[in-house]
Structures are given as structure tokens and as C-alpha cells.
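Please read the structure below before turning to the comments.
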Amino acid sequence: MSGKVAVFGAGSWGTAFSIVLADAGNDVTLWARREEVAAAVNEQRENADYLPGVELPPAIQATHDVEKALHGADVVVLATPSQSLRENLSQWAPYVEPGATFVSLMKGVELGTLERMSQVIAEITEAGPERIAVISGPNLAKEIARREPAASVVACEDEDVAKMLQARCHSPAFRPYTSIDVLGCELGGAYKNVVALSVGMAVGLGFGDNTTASLITRGLAETARLAMALGANPLTLMGLAGLGDLVATCSSPLSRNRTFGEKLGQGMTTEEIYASTRQVAEGAKSCSSLLALAERTGVDAPIAHHVDALVDGRMTAAEMMDAFIARDTKAETD
């Protein structure tokens with residue numbers, strides 16, 4: 001099964017997933033915010049700003065023209081920063097083909113509304129749940145672009161749509177599984193970024209594997225508490241969209257969120273880190289909204305609480321670790 005897919009967002013993950021789609025037999029139009037990025041993809045077959053040294057397949061063509069990107073596309077993949085989705089999609093939606101399926105690659109929760117990306121898509125486009133899917137899992141873009149073996153989850157409330165998308169992105173190096181638990185996949189993907197920030201902070205402070213393993217494990221428990229309270233399947237958090245994504249993002253130096261956390265641990269401020277890179281660390285943007293979502297749901301979220309305080313400059317990394325360890329343990333179980 002193949003067709004035309006429009007991918008909106010020519011950053012590292014949007015470009016890497018375009019490679020997956022092309023390898024799976026789709027014609028891919030990659031929309032780039034900057035015209036020079038689109039030109040480089042078409043003329044040099046490379047996105048040097050985000051994936052230098054990776055040759056892009058002929059089936060990928062790039063454009064800065066929204067209408068051209070969407071014309072004839074029955075699948076629309078969204079790979080923009082989560083906090084800019086609402087504004088962007090409001091401009092793109094009028095050009096989407098009737099009945100097209102939306103696929104979110106984004107891992108965040110919107111500030112203010114506390115909506116997941118699938119909820120924002122539904123609100124802006126009025127698409128039903130059978131037309132909205134998410135892809136989540138251990139998705140380190142550079143490794144996927146190099147066609148190293150990887151697996152992920154395609155989640156849609158309509159199982160037939162999930163299977164259709166599974167077939168559309170099953171390439172020789174990329175193995176998708178299906179799920180109907182959109183909520184669990186989205187929360188796992190968003191929350192692991194916050195946990196990766198905390199792990200990076202610990203690494204930046206010079207701590208070792210005991211500390212990072214403790215944070216990863218407690219981060220998984222924190223994620224599961226919130227997801228289950230909101231109605232997700234707890235087994236989702238044990239799979240690729242939960243534990244798998246968490247381990248990859250917390251363990252790899254390729255992870256933007258872990259790297260961002262390391263710099264915070266080394267004493268840089270959030271503003272200094274933003275000024276030094278064009279990459280977006282979603283956890284730094286979403287930690288406050290995830291904390292607010294947990295508080296609204298009545299779920300204890302100590303990692304999100306402390307990471308938010310550090311990102312916001314209300315405490316240092318060392319103070320964060322001390323405060324986290326010093327928490328009252330009487331009500332906690334493993």
C-alpha cells in the first residue's frame with residue numbers, strides 16, 4: 001500500500017520519518033518552514049541543517065508551499081514543535097484533502113489548554129478520532145535516518161486505520177506495531193522528555209548509573225500514575241511508547257532533552273541553552289503543562305515539579321536533586 005504523504009516539519013524527526021515513508025514506498029512531500037531548506041533537499045538531496053551527511057531518497061520532494069504539499073495527500077504527518085501546532089495547523093487545515101488522515105509525531109502537551117496533540121488536531125480540523133493517529137516510541141532521528149533497526153507504535157482509536165498506517169510506514173529498517181491507546185502513547189511520549197531532562201541534569205552534575213536508573217524508574221512510575229488516572233491502558237507504558245521511548249531518550253547523547261538537561265546540570269540557564277541551538281527540547285516546553293495536568297488530575301508528580309522549577313530558574317540542578325531525594329517517603333511505594 002502506498003500513496004502521497006505530506007510531512008509538515010523539516011527538522012530532524014520530520015526528515016527522518018520522511019525517509020521511513022519513502023523506503024516504505026510512499027511519495028513524500030516534505031514541507032519546510034524555510035525556503036532554503038526545501039531548496040537544499042531538492043537540489044542537494046540532503047537536509048544539512050538537521051541531518052548532515054544523510055542522502056535523501058528520490059521519492060522525497062520538499063516545498064515551502066503549503067497548498068502544493070497537501071495536494072493529493074491522503075496522509076498528513078505533523079512534525080512541528082508541539083507549542084506551535086495550533087497556530088500552524090489553523091493556517092494549513094483549509095488545504096487538507098477531505099478525509100485525509102492526520103498523524104502526529106509530536107510529543108508534548110499544549111501550554112494553557114493542557115491538550116494533547118491529537119486533541120488540538122481534532123479541535124482545529126474537526127476530524128473524528130478515526131482520522132487522527134500518533135506515532136510514538138524510541139525515535140532517535142539520526143539513527144532512524146541511518147536506517148538502523150527500530151520499532152515504534154502507531155496508535156489510532158480505529159484499529160483498521162492504525163493497520164493501514166502500519167503498512168504505510170513499514171520499511172526494511174522500521175517496524176511499526178499498532179495500538180488503540182492514543183492517550184497512553186501520547187502521555188508516554190510527552191512525559192519521557194521531562195524525565196530525560198532530569199536524567200541529563202544528573203549526568204551534568206556528575207552522578208552515575210544508580211542515580212540515572214533511579215530517575216528513569218521513578219519517572220516511569222510517575223508517567224503511569226498520570227496515564228492510568230486519565231484512562232490509559234497501563235500496558236502501553238510497559239511497551240515501546242512507554243518504557244522503550246523512555247530508555248532511549250534518557251540514555252542516548254543523541255536525545256535533545258537529555259542533552260538540554262545536561263547543560264542545565266552544568267550550570268547553564270534555559271535562555272543560554274535556547275540561544276546555543278536551533279533544536280527544540282520538548283520537555284523544557286511541556287514540563288509546566290504536564291505538571292498542571294497532573295495537579296488537575298490529583299496525581300503526585302515530583303519529577304515534573306522539580307524539573308519545572310529548574311527550567312523556570314527557581315532552583316539550581318543541585319538543589320533540585322537534593323529536594324527530590326529529601327521528599328517525604330512515608331506515602332510512597334516502589
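Values below: all heavy atoms of this structure, side chains included; hydrogens, waters and symmetry mates excluded.
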Sub-3.5 Å donor-acceptor pair from the side chain of [X] to the main-chain atoms of [Y], do we have one?
X      : Y      : result
Thr297 : Val299 : no
Ser289 : Ser286 : yes
Gln61  : Pro58  : yes
Arg86  : Val120 : no

Exercise. Is it true that Asp23 and Arg147 make a salt bridge, defined as a side-chain N closer than 4.0 Å to a carboxylate O?
Worked result: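 Salt bridge between Asp23 and Arg147, a charged N being under 4.0 Å from a carboxylate O: yes.
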Exercise. Can you say whether the rings of Phe174 and Phe17 are parallel (under 30°), tilted (30 to 60°) or perpendicular (over 60°)?
Worked result: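 The rings of Phe174 and Phe17 stand perpendicular, inter-plane angle above 60°.
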Exercise. Will you find, in the side chains of Lys192 and Asn257, an N or O donor that is under 3.5 Å from an N or O acceptor?
Worked result: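 Checked: Lys192/Asn257 side chains show no N/O donor-acceptor pair below 3.5 Å.
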Exercise. Under 3.5 Å, is there a donor-acceptor pair between the Ser82 and Glu282 side chains?
Worked result: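 Short answer, yes.
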Problem set entry | Evaluation steps, ring-ring contact (aromatic ring centres under 6.0 Å, His included), between Phe260 and Tyr274 | CA-CA 9 Å; Phe260 196 103; Tyr274 282 144; 5.5 Å; yes
Would the number of heavy atoms belonging to other residues, nucleotides or ligands and lying under 6.0 Å from [atom1] of [X] be above 12?
X      : atom1 : value
Glu319 : CD    : yes
Glu36  : CD    : yes
Arg33  : CZ    : no
Gln91  : CD    : yes
Phe324 : CZ    : yes

Taking all heavy atoms of [X] and all of [Y], pick out the closest pair and write down the distance.
X      : Y      : value
Ser136 : Lys107 : OG-CE, 3.6 Å
Val37  : Asp49  : CG2-OD2, 4.0 Å
Glu130 : Cys156 : O-SG, 4.0 Å
Pro138 : Ile144 : O-CD1, 4.3 Å
Leu85  : Met117 : CD2-SD, 3.7 Å
Thr249 : Arg258 : O-CB, 3.6 Å

For this session: Mind checking salt bridge (Lys or Arg N to Asp or Glu O under 4.0 Å) for Glu186 and listing every partner two or more places apart, or none if nothing turns up?
Result: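 Glu186 satisfies salt bridge (Lys or Arg N to Asp or Glu O under 4.0 Å) with Arg116 once adjacent residues are dropped.
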Problem set entry | Pairwise distance CE(Met320) to CG(Leu197) - rounded to 0.5 angstrom |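 Reported to 0.5 Å precision, the distance equals 9.5 Å.
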Exercise. Would Lys163 count as a cation-pi partner of Tyr177, with NZ or CZ less than 6.0 Å from the six-membered ring centre and within 45° of the ring normal?
Worked result: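 Negative - Lys163 is either too far from the ring of Tyr177 or too far off its axis.
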Exercise. Tell me the salt bridge (Lys or Arg N to Asp or Glu O under 4.0 Å) pairs involving residues 305-316, sequence neighbours left out?
Worked result: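 Sorted result for residues 305-316: Asp308-Arg314, Asp312-Arg314.
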